[in-house]
Amino acid sequence: MEKLEKLYEGKAKQLYATDDPEVLWVEYKNSATAGDGEKKEDFAGKGRLNNLITTLIFDLLKKRGIDSHLVARVGETSQLVKKVTMFPLEIVLRNTAAGHFCSRLGVEEGIELKEPVLEYFLKNDDLHDPFVNDDDLVALGVCTREDLAEIAPLARRINEALIEIFAKIGIKLVDFKIEMGRTSDGTLLLADEITPDSCRLWDQRDGSGKVEHLDKDLFRRDLGNIIPAYEEVESRLAELAKSEGIEVAE
């Protein structure tokens with residue numbers, strides 16, 4: 001499939017048209033950002049790792065009955081995806097208190113939540129992606145009640161599946177953000193990416209209980225190089241995928 005003109009460039013990815021109007025070409029970048037883009041750095045190999053990780057996670061989710069916009073990985077940093085109309089919405093699931101949740105509510109990081117928390121944030125850099133509730137979204141025309149009645153249960157299904165996937169490879173899924181969109185026929189799909197950029201992942205393999213970050217908090221908090229952590233996540237996911245009969249890039 002041929003890559004055509006660039007349609008969009010974000011902090012971590014570039015989006016291109018293809019010769020199929022229903023398929024887009026995604027290129028993952030090596031850049032990492034934090035603090036609404038105020039902190040930025042390039043890491044050699046990050047784009048390749050995030051492309052691999054997203055592909056593996058979407059394939060593992062598909063085995064569990066959850067479809068995404070992924071069509072295929074077509075290069076080290078590139079993948080083909082179905083064209084969807086995206087909701088301008090970050091959908092966040094929290095299983096353990098961390099990050100913005102703690103600073104907003106005065107909660108100690110690491111506290112296990114009694115049940116997963118589903119939150120929505122409006123994608124708007126100028127407003128620093130503000131927290132919004134269901135009524136806000138409907139009143140602003142971002143989505144309808146009917147949309148939310150599909151989005152919320154799908155988000156919770158994804159959370160349950162990801163908890164199980166990461167637990168199998170000795171990683172605790174603390175929280176994550178995802179995006180969703182609709183295809184031309186109205187089907188709601190998981191879209192964008194799931195990577196250590198968009199998840200908090202704590203290593204559990206040594207059994208010490210000490211928090212060992214395998215995510216972008218290493219960059220956000222100046223705790224170390226993200227690349228070895230991302231490599232570890234990719235390696236563990238690849239082994240799990242192989243064990244489940246999923247074809248894995250060598």
Show the numbers, then the answer: is there a side chain to side chain donor-acceptor pair (under 3.5 Å) between E232 and Y230?
CA-CA 5 Å; E232 183 66 20; Y230 285 37; over 6 Å; no
Are any of the side-chain heavy atoms of V23 and M1 separated by less than 4.5 Å?
yes
Please step through side chain to side chain contact (heavy atoms under 4.5 Å, CB included) for the pair Y120 and D134, ending with a clear verdict.
CA-CA 8 Å; Y120 300 116; D134 293 26; 3.4 Å; yes
Flag yes if I226 and L52 sit in one hydrophobic cluster, no otherwise; membership is Ile, Leu, Val, Met, Phe, Trp, Tyr, and two members link when side-chain heavy atoms are under 4.5 Å apart.
no
Nearest 0.5 angstrom please: N133 CG to D135 CG, how far?
5.0 Å
Determine all donor-acceptor pairs shorter than 3.5 Å in which one atom belongs to a side chain in residues 74-85; sequence neighbours excluded.
residue: T77; atom: OG1; partner: E27; partner atom: OE1; Å: 2.8
residue: S78; atom: OG; partner: G75; partner atom: N; Å: 3.3
residue: Q79; atom: NE2; partner: N51; partner atom: OD1; Å: 2.8

According to a hydrophobic-cluster definition based on side-chain heavy atoms being under 4.5 Å apart (Ile, Leu, Val, Met, Phe, Trp, Tyr only), do I66 and L173 belong together?
yes
Could you tell me whether E164 and R64 have a side-chain N and a carboxylate O separated by less than 4.0 Å?
yes
hydrophobic_cluster_shared for L148 and V142, side chain cutoff 4.5 Å:
yes
The side chain to side chain contact (heavy atoms under 4.5 Å, CB included) partner of I178 among I91, V92, L89 is I91
Closest heavy-atom contact between L93 and P116?
CD1-CB, 4.2 Å
Heavy-atom side-chain contact between Y16 and L24 under 4.5 Å
no
Pair N50-D197, side chain to side chain contact (heavy atoms under 4.5 Å, CB included): steps then yes or no
CA-CA 8 Å; N50 275 354; D197 281 4; 3.1 Å; yes
On a heavy-atom basis, the closest approach of G181 and A191 is N-CB, 4.5 Å
Main chain of E179, side chain of D192: is a donor-acceptor contact present, judged purely on distance under 3.5 Å?
no
Using atom types as modelled and distance alone, determine if a side-chain donor or acceptor of D147 lies under 3.5 Å from a backbone N or O of T144.
yes
Applying ring-ring contact (aromatic ring centres under 6.0 Å, His included) as the test, list every pair that has at least one member in residues 131-180; sequence neighbours left out.
F121-F131
Are D215 and W202 close enough that some pair of their side-chain heavy atoms sits under 4.5 Å apart?
yes
Test of understanding: with side chain to side chain contact (heavy atoms under 4.5 Å, CB included), list the residues that count as partners of L188, not counting sequence neighbours.
F87, E150, I151, L154, M180, R182
Answer whether the closest heavy-atom distance between the side chains of R156 and L118 falls below 4.5 Å.
yes
Audit row: V174, L201, side chain to side chain contact (heavy atoms under 4.5 Å, CB included) steps and yes/no:
CA-CA 6 Å; V174 174; L201 305 170; over 6 Å; no
Between A98 and R200, the two heavy atoms sitting closest are CB-CD, 3.7 Å
Any Lys/Arg nitrogen of D59 or K62 sitting under 4.0 Å from an Asp/Glu carboxylate oxygen of the other?
no
Carboxylate-amine/guanidinium proximity below 4.0 Å for R73 and E247
no
Given side chains that start at C-beta, do those of L190 and H69 come closer than 4.5 Å, heavy atoms only?
no
Can you tell me if D129 and N124 form a side-chain donor-acceptor pair at under 3.5 Å?
no
Over all atoms of both residues, closest heavy-atom pair of L189 and S68
CD1-O, 3.8 Å
Which atom pair, heavy atoms only, marks the closest approach of A229 to L218?
CB-CD1, 3.5 Å
Look at K216 together with E41 and state whether they make a salt bridge at an N to O cut-off of under 4.0 Å.
no
Without hydrogens or angle criteria, can the side chains of D20 and T18 be said to hold a donor-acceptor pair below 3.5 Å?
no
Test item: L61 and R157 side chains (from C-beta on) under 4.5 Å apart, heavy atoms:
no
So that I can tick it off, tell me whether E234 and R48 are bridged by a salt bridge, with the cut-off set at under 4.0 angstrom between side-chain N and carboxylate O.
no
Is the closest basic N to carboxylate O distance between E239 and K242 below 4.0 Å?
yes
Looking only at heavy atoms, the pair that brings G170 and D203 closest together is O-OD1, 3.3 Å
Answer yes if Y8 and M86 sit in the same cluster of Ile, Leu, Val, Met, Phe, Trp and Tyr residues linked by side chain heavy atoms under 4.5 Å apart, and no otherwise.
no
Is there a path of hydrophobic side-chain contacts, each under 4.5 Å between heavy atoms, that joins I163 and V233?
yes
Nearest 0.5 Å, what's the CG-CG distance between L122 and L140?
7.0 Å
Got I165 and I171 here, is their nearest side-chain heavy-atom distance under 4.5 Å?
no
If the test is salt bridge (Lys or Arg N to Asp or Glu O under 4.0 Å), which one of K11, K29, K13, K177 qualifies with E193?
K13
Determine whether the side chains of N95 and D175 contain a donor N or O and an acceptor N or O closer than 3.5 Å.
no
Quick one: are L60 and I246 in side-chain contact, heavy atoms under 4.5 Å?
yes
Mind checking the CG-NZ spacing from L15 to K6? Nearest 0.5 Å is all I need.
10.5 Å
When rounded to the nearest 0.5 angstrom, what distance separates CD in Q14 from CD in E9?
4.0 Å
Lys NZ or Arg CZ of K39 over F219 ring: under 6.0 Å, within 45°:
yes
Are there more than 12 heavy atoms of other residues, nucleotides or ligands under 6.0 Å from atom CD of E108?
no
Mind checking the CZ-CG spacing from R145 to L137? Nearest 0.5 Å is all I need.
9.0 Å
Got a donor-acceptor contact below 3.5 angstrom from the R94 side chain to the E119 backbone?
no
Kindly indicate, with the supporting measurements, whether the criterion side chain to side chain contact (heavy atoms under 4.5 Å, CB included) is fulfilled by T54 and Y28.
CA-CA 10 Å; T54 290; Y28 282 78; 3.4 Å; yes
